[in-house]
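See structure below.
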Amino acid sequence: VHAGQNIMVVPSFMHVLLIDDDVELTTLMREFLEEQGFALTVTHDGTTGLAKALSGEFDMVLLDGMLPQLDGIEVLRQLRRRSAVPVIML
């Protein structure tokens, strides 16, 4: 590795749930994360996102704060009651 190179080490399979209503942003994030070796599932509202996050099939959740139906804070609040899946708020 040469100085100045950025290398991201990703487990061989990490399934990420992205909950964001911005379709353009989710398209860009999908392209980037899949290039980095992540498997990505996208939902565009809080209610669907919460149900998927509680399914137990994801290693991490990327969660937008402003969502239709349930906002990101409420999704996180309900998720924390039943799951310890790591969450990054966007």
Side-chain angles (χ1 to χ4, degrees):
V1 177
H2 300 290
Q5 284 185 325
N6 292 326
I7 296 179
M8 182 182 293
V9 177
V10 177
S12 60
F13 180 77
M14 183 174 247
H15 198 173
V16 176
L17 175 63
L18 172 58
I19 308 171
D20 197 311
D21 60 329
D22 185 332
V23 175
E24 197 171 312
L25 177 63
T26 59
T27 299
L28 291 171
M29 290 187 71
R30 177 185 297 280
E31 290 172 9
F32 175 76
L33 291 170
E34 287 179 347
E35 284 177 6
Q36 301 302 315
F38 292 92
L40 191 70
T41 297
V42 176
T43 64
H44 298 286
D45 67 80
T47 303
T48 305
L50 176 60
K52 287 204 172 279
L54 288 170
S55 71
E57 65 184 282
F58 298 97
D59 301 301
M60 178 175 53
V61 176
L62 300 175
L63 177 60
D64 184 29
M66 297 176 58
L67 294 166
Q69 298 178 17
L70 285 177
D71 68 33
I73 298 300
E74 185 58 28
V75 170
L76 181 60
R77 184 176 292 122
Q78 291 187 34
L79 184 59
R80 278 295 156 255
R81 289 181 192 146
R82 297 178 267 176
S83 173
V85 65
V87 176
I88 297 175
M89 295 291 296
L90 304 175

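The basis for the numbers below is simple: all heavy atoms, side chains too, and nothing from hydrogens, waters or symmetry mates.
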Rounded distance [0.5 Å steps], [atom1] in [X] versus [atom2] in [Y]:
{"X": "Leu17", "Y": "Glu57", "atom1": "CG", "atom2": "CD", "value": "8.0 Å"}
{"X": "Met14", "Y": "Phe38", "atom1": "CE", "atom2": "CZ", "value": "6.0 Å"}
{"X": "Leu90", "Y": "Leu63", "atom1": "CG", "atom2": "CG", "value": "7.0 Å"}
{"X": "Leu67", "Y": "Asp21", "atom1": "CG", "atom2": "CG", "value": "5.5 Å"}
{"X": "Leu25", "Y": "Asp64", "atom1": "CG", "atom2": "CG", "value": "8.0 Å"}

Main chain of [Y], side chain of [X]: is a donor-acceptor contact present, judged purely on distance under 3.5 Å?
{"X": "Arg77", "Y": "Arg80", "value": "no"}
{"X": "Asp45", "Y": "Gln69", "value": "no"}
{"X": "Arg82", "Y": "Leu54", "value": "no"}
{"X": "Ser83", "Y": "Leu79", "value": "no"}
{"X": "His44", "Y": "Asp20", "value": "yes"}

Tell me if the CE atom of Met66 is crowded by more than 12 foreign heavy atoms within 6.0 Å.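 Atom CE in Met66 is not crowded, with 12 or fewer foreign heavy atoms closer than 6.0 Å.
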Identify the heavy atoms of Gly49 and Thr43 that sit nearest to each other, and give their distance.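 Scanning both residues completely, I find the closest heavy atoms to be CA-OG1, 3.3 Å.
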Can you see which heavy atom on His15 is nearest to which on Phe58, and at what distance?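 Here His15 and Phe58 meet closest at NE2-CE2, 3.3 Å.
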In terms of hydrophobic clusters joined by side-chain contacts under 4.5 Å, are [X] and [Y] together?
{"X": "Val87", "Y": "Leu33", "result": "no"}
{"X": "Ile19", "Y": "Ile73", "result": "yes"}
{"X": "Met60", "Y": "Val42", "result": "yes"}
{"X": "Val16", "Y": "Ile88", "result": "yes"}
{"X": "Leu62", "Y": "Leu28", "result": "no"}

Partner of Phe32 under side chain to side chain contact (heavy atoms under 4.5 Å, CB included), chosen from Gln36, Arg30, Met29: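 Filter result, single survivor: Gln36.
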